[in-house]
There are 2 protein chains.
Amino acid sequence: MTLQTPRFPGSNAERSRLWNRALVLRHVRTAGASGRAEIARASGLSTQAVSNIIADLTGEGLLAEIGRRQARRGLPVAQYAVAPSGGHALGVELRPDAARAVLSDLAGRALWSGRRALAHAGPDEVAGEINTLRDEALAGSGVCPDRLLGIGVVMPGPFGHTGLAAAATELPGWEQTDPAPFLESRLGCAVVIENDANAAAVAERLSGVAQGLEHYAFLYFGAGLGLGIVSDAGLLRGAFGNAGEIGHVRIDGRRLEEVASRVSLARRLSAAGHAAGTVEEIEAALDAPETGQWLDEAAAALGQAVVLLENLLDPQVVILGGALPDALIDGLISRIVLSPASLAARPDRTLPRLMRGAAGRMTATHGAAALVLDRLFTPRLDAA
Amino acid sequence: MTLQTPRFPGSNAERSRLWNRALVLRHVRTAGASGRAEIARASGLSTQAVSNIIADLTGEGLLAEIGRRQARRGLPVAQYAVAPSGGHALGVELRPDAARAVLSDLAGRALWSGRRALAHAGPDEVAGEINTLRDEALAGSGVCPDRLLGIGVVMPGPFGHTGLAAAATELPGWEQTDPAPFLESRLGCAVVIENDANAAAVAERLSGVAQGLEHYAFLYFGAGLGLGIVSDAGLLRGAFGNAGEIGHVRIDGRRLEEVASRVSLARRLSAAGHAAGTVEEIEAALDAPETGQWLDEAAAALGQAVVLLENLLDPQVVILGGALPDALIDGLISRIVLSPASLAARPDRTLPRLMRGAAGRMTATHGAAALVLDRLFTPRLDAA
DNA sequence: CTTGATAGCTCAATTGAATTGACCTTAAGT
DNA sequence: ACTTAAGGTCAATTCAATTGAGCTATCAAG
C-alpha cells in the first residue's frame, strides 16, 4: 500500500467486501426493510454473499432483523433494517463566533444538540472545543464512544486562497492548515469537512426531499448564498473543494448574493428599522413590506440562476433551503417564474422544478452529521 | 445478475480484475512506459497482482514489453507500454446531412477517416451507414474486426424532450429511440453516445492538453456553443445526459450562443458579403474587420461565462476548442479579460485559466473514438 | 575482484470473498 | 395430499489478490 491514497486504488477481496457492505446498508436504508433475496436482486450479488454480509452487519449491530413477513408464497422473508443505534455521527457547524453540534443516530435522528462559544476560531481552539462537544454529546446521550463513526465538520468556505474577497465568515488561522487531517489527528477519529451548502445537500439525500435522487442542486441560504451540487449520486466538489460559489455569479449586473441572501434581506429590514440579526427576528418581520419587496427582487434573480443551473447541470430538481424561515423559502418558490426555455422544462417531468428542503434551519449542523452517515451508505473503494 | 444494471453493482473477484486491469492500462498510458514495481506502487496493488494482469494484457495484445532500462541500481526494469495496435475504436460524428468517421488505434492515432452523406438521418439509415463506415474503415486500414473495441457516436444534443427550442442541428426520427441500445443491437458491438462537447472534453484528456487533469470544462464551438464538464476525472452528464447547455445561458441579456458561436460569426461575416459557411471560408476571412468585431464581443461575453464556470465548478482550467480556426480560438483567449473576483484567481495556480484545445477542428470525430478508448483506461465496476 | 546492498521480478502457498448447486423450510394454490 | 413458489442454509468450488521465500541483475564500496 502506498501512503498517499491513489485517485483510483486497487481493488481486492477486502475492498470488495467493504463496497458490498455499503451496498447492502444503502439498499436497506433507501428501500426500507428488506429480505436477503430482494437485496441480492437489487445489488446483483448472490443471496449467499448477502447472507454473509448480513451476518457480519448484524454481528456489529448495524443491522437488525425486524421480524418476518409472509407476503406472497414461500418462506416468510426475514426482514432486515438499519439498527438506528448501531452507529452515531457528530455533526459540527463551525462559525467564527460559535460551534453548534448535533449527535445523530443511523436513522438521522438528533439525540443531543449543543453549542459552545468560540473566542478564537483557530485550529487549536476549535479542536479543543469539538473534543469537548463530543464528550458532552456522548455523556448527554449515553452513547458508547466506540459507536461514534466519525465527526462531520461544516466550515464556511471557500477553502484556500482564491480570488474572492475574504468574506467575514471565513475562519481565521486556518490558512496554513488542511482541516481534515489536522482534526483527524487531534480528535482521533474520522473527520469529514465540507462547506454548508454541500452538507445541506447531503442531508437532503439522506433524510430529506432528495431521497433517491442522483442529480440535484441545493441553493443554500446561509450568511450568503451557497450551492451544493449532487451529480451521479455524489457531491461535485471541484478541483479545490470550492465548487458552488454561486453567490458571486452576476445576474443582471449584480452579484446574486447582493439580491438573494439573508444578509441582503437583513440590510433591507434594518434600514427600515426592523431588527433582523437572527432568523427569529426575520421571522417576526415576515409581513413587513420590505420583506415582500425583497422576495420579489430575490425571486427574479433566483429564477434566472435556477434556469442557469438547469441548463448547465441538467438536474432532476433544484432545492431551496437553509437558514431562512420556511415561509420565506415558500414565498420565494411561489414567486419564482421559471423560463420555459430550459432543459428542465421537459413535458415528462415527475418532480417540480423547485422544492423546499426538509431539514429546516439547522440544515448545516444536521448536514455535518449526514456527511459521516452518508459515507457508511455509499459504496467507496478508497477507504475503510 | 439482474438484467437492469444497478446504479452500483456488486463487486466480486472478476469485477475486481476488470477494475485493476483498467488501472494498469491507465497508468501505463498516462505515466508512460513503466515497470511492474512502479505500477504496483502507483495503484496500491502487490507486484504479483500487477504481474498477473500484465501477463493477461500482453497475451491479449493490449500491452507490449518495449525493452529494459537500467536506471538506478538493481535489476533492469522490464518496461511495458500500451500496444497501439492492440485495440481500435471507430469514432462517428453524426450531423443531419452527413456522418464523419475516424478509425483510431489505442495511441489515439487516426488510421483511417471517411465521410458519408446522409439523405435521412433516421435510426435505420444511420445504423446502415455506420455499418458501412465500419466495413470501409476496417478494410481500408487492414485492422482485424475483432480488434475493434467499440464505436463512439457523437450526436447533436440535447437528447429527449426539453424546453429548448428544437435546434436545426437535431436529428429527426430519433425521438422514440434510445440511441445506445438501438445501435448496439444493430451493430453488434459496444456503442457509446455523447454530445460533441463531451466527446471533445474526453479527447483532450486522452491525448490533448487535459492529460492528467481531473477537473476542467471544455467550451466547444460547434454550430452553437457546447460545454463538456469533467469532474473527478469523469464526465458530468446530468440526469438526462444533457448537462452543459451553456449556449442558452444569458449573459448581459443575450443568449451566449447569439454572441459567441460560429453561427454568430458567420452571420456577421455574410452580412458583410463574405462567404462563411465552412471553417475554411471563415479562415479566409480572418483579417476582415467583422471578424475583429466578433472577437471583441464574443470575448467579452465568454469572459463572463468563464468566470461563471470557475465559480460554479472550481475547475483546474477552462479549455476552448472545436470547429473554429486555431487563430480565432487564440484570438479569443488573448482578448478575454478574466475577472480577478473568481475562485480561480488563486495565487498558487500552475496552469493558465484558459487554454486552447489540442485536437483542432476534427475534435468531435476524434472525441467519438476517444470515448471508446477512455472506457478501456478508466476503472469501472459496472460492465465488461 | 569480491562482497554487500538495492531493486525488480517469479514461484508457491495462503487467504478473503463471491459463486454454485444441492437441499431444507414455509406457505399458497389445486 | 401434492405441486409450485419463494426464501434461505450448507458445503464445495473458484477467482483473484496477498504473502514470503528466493532468484537475478546491477551498482558501489572495500
Side-chain angles (χ1 to χ4, degrees), chain A residues 1-2 6 8-24 27-28 31 33-59 63 65-80 379 381 384, chain B residues 1-2 6 8-24 27-28 33-60 63 65-80 379 381 384:
Chain A
M1 277 298 299
T2 48
F8 291 100
S11 173
N12 59 25
E14 277 160 80
R15 274 196 272 250
S16 285
R17 171 72 96 171
L18 281 172
W19 175 281
N20 291 341
R21 276 169 59 109
L23 218 51
V24 169
H27 185 269
V28 167
S34 337
R36 294 166 166 77
E38 179 189 336
I39 299 171
R41 278 190 299 269
S43 63
L45 294 169
S46 62
T47 57
Q48 186 55 50
V50 174
S51 259
N52 294 338
I53 290 168
I54 285 183
D56 276 14
L57 292 174
T58 48
L63 219 53
E65 186 177 333
I66 59 160
R68 299 166 175 269
R69 191 180 59 173
Q70 58 257 44
R72 287 140 295 186
R73 288 190 181 184
L75 203 158
V77 303
Q79 305 259 101
Y80 289 88
L381 282 165
Chain B
M1 279 297 297
T2 48
F8 292 101
S11 173
N12 59 24
E14 275 161 81
R15 274 196 272 250
S16 285
R17 172 71 95 168
L18 280 171
W19 175 280
N20 291 339
R21 276 169 59 108
L23 218 52
V24 169
H27 185 269
V28 167
S34 336
R36 294 166 168 77
E38 179 190 337
I39 300 171
R41 276 190 299 270
S43 63
L45 293 170
S46 63
T47 57
Q48 186 55 48
V50 173
S51 260
N52 294 337
I53 290 168
I54 285 183
D56 276 14
L57 292 173
T58 48
E60 293 168 32
L63 220 52
E65 186 177 333
I66 59 160
R68 299 166 173 268
R69 192 179 58 171
Q70 58 258 42
R72 288 138 295 185
R73 289 191 180 182
L75 201 156
V77 304
Q79 305 259 104
Y80 289 88
L381 281 166

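Within every chain, numbering begins at 1; the chains are lettered A, B, ... in the order of the sequence lines, protein sequences first and strands thereafter. Keep in mind the model is a prediction, meaning the values are calculated, not measured.
Judged by distance alone, the side chain of A:W19 and the main-chain N or O of A:E14 form no donor-acceptor pair under 3.5 Å. Judged purely by atom type and a 3.5 angstrom limit, A:N20 has no side-chain atom pairing as donor or acceptor with the backbone of A:L23.
Under 3.5 Å, the side chains of B:R36 and B:S51 contain a donor-acceptor pair of N or O atoms.
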Can you give one letter per nucleotide of nucleotides 1-7 of chain D, 5' to 3': B if a protein heavy atom sits under 4.0 Å from the base, S if only from the sugar-phosphate, - if neither? ---BBBB
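Note that OG of B:S11 is 11.5 Å distant from CZ of A:R17, once rounded to the nearest 0.5 Å. The CG atom of B:L63 sits 10.5 Å away from the CG atom of B:D56 when rounded to the nearest 0.5 Å. Within the model, atoms CD1 of A:I53 and CG of A:L45 stand 5.5 Å from one another, a figure rounded to the nearest 0.5 Å.
Two end axes, each from the C1' atoms of five base pairs, can be drawn for the helix from C:dC1-D:dG30 to C:dT30-D:dA1; they diverge by 0°, to 10 degrees.
Here the closest heavy-atom approach between residue A:S16 and residue B:N12 is recorded as OG-O, 4.3 Å.
Applying the side chain to side chain contact (heavy atoms under 4.5 Å, CB included) rule to A:A31 yields the partners A:H27, A:E38; only residues at least two apart in sequence or on another chain are considered. Residues satisfying the side-chain hydrogen bond (donor to acceptor under 3.5 Å, both in side chains) criterion with B:N52, sequence neighbours excluded, are B:Q48. For A:A33, the side chain to side chain contact (heavy atoms under 4.5 Å, CB included) test picks out A:I66, A:Q79, A:A81, with sequence neighbours left out.
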Is there any protein nitrogen or oxygen under 3.5 Å from a nitrogen or oxygen in nucleotides 19-22 of chain C, and what are the pairs?
from   : atom 1 : to    : atom 2 : distance (Å)
C:dT19 : OP2    : A:S46 : N      : 2.9
C:dT19 : OP2    : A:S46 : OG     : 2.6

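The shortest distance between side-chain heavy atoms of B:P9 and A:S43 does not fall below 4.5 Å.
Distance, A:I53 CD1 to D:dT9 P: 14 Å, rounded to whole Å. Whole-Å rounding puts the B:Q79 CD to C:dA7 P distance at 16 Å. A straight line from CD1 of B:I54 to P of D:dA16 spans 16 Å, rounded to a whole angstrom. The distance between atom CD1 of B:I39 and atom P of C:dG8, rounded to the nearest whole Å, is 12 Å.
For B:S16 and A:S51, each mapped to the nucleotide of DNA chain D holding its nearest heavy atom, the one lying further toward the 5' end belongs to A:S51.
Not one side-chain nitrogen or oxygen of B:R17 sits closer than 4.0 Å to the OP1 or OP2 atom of D:dC15. Regarding contacts with the backbone of D:dA17, a side-chain N or O of B:N20 is found under 4.0 angstrom from either OP1 or OP2.
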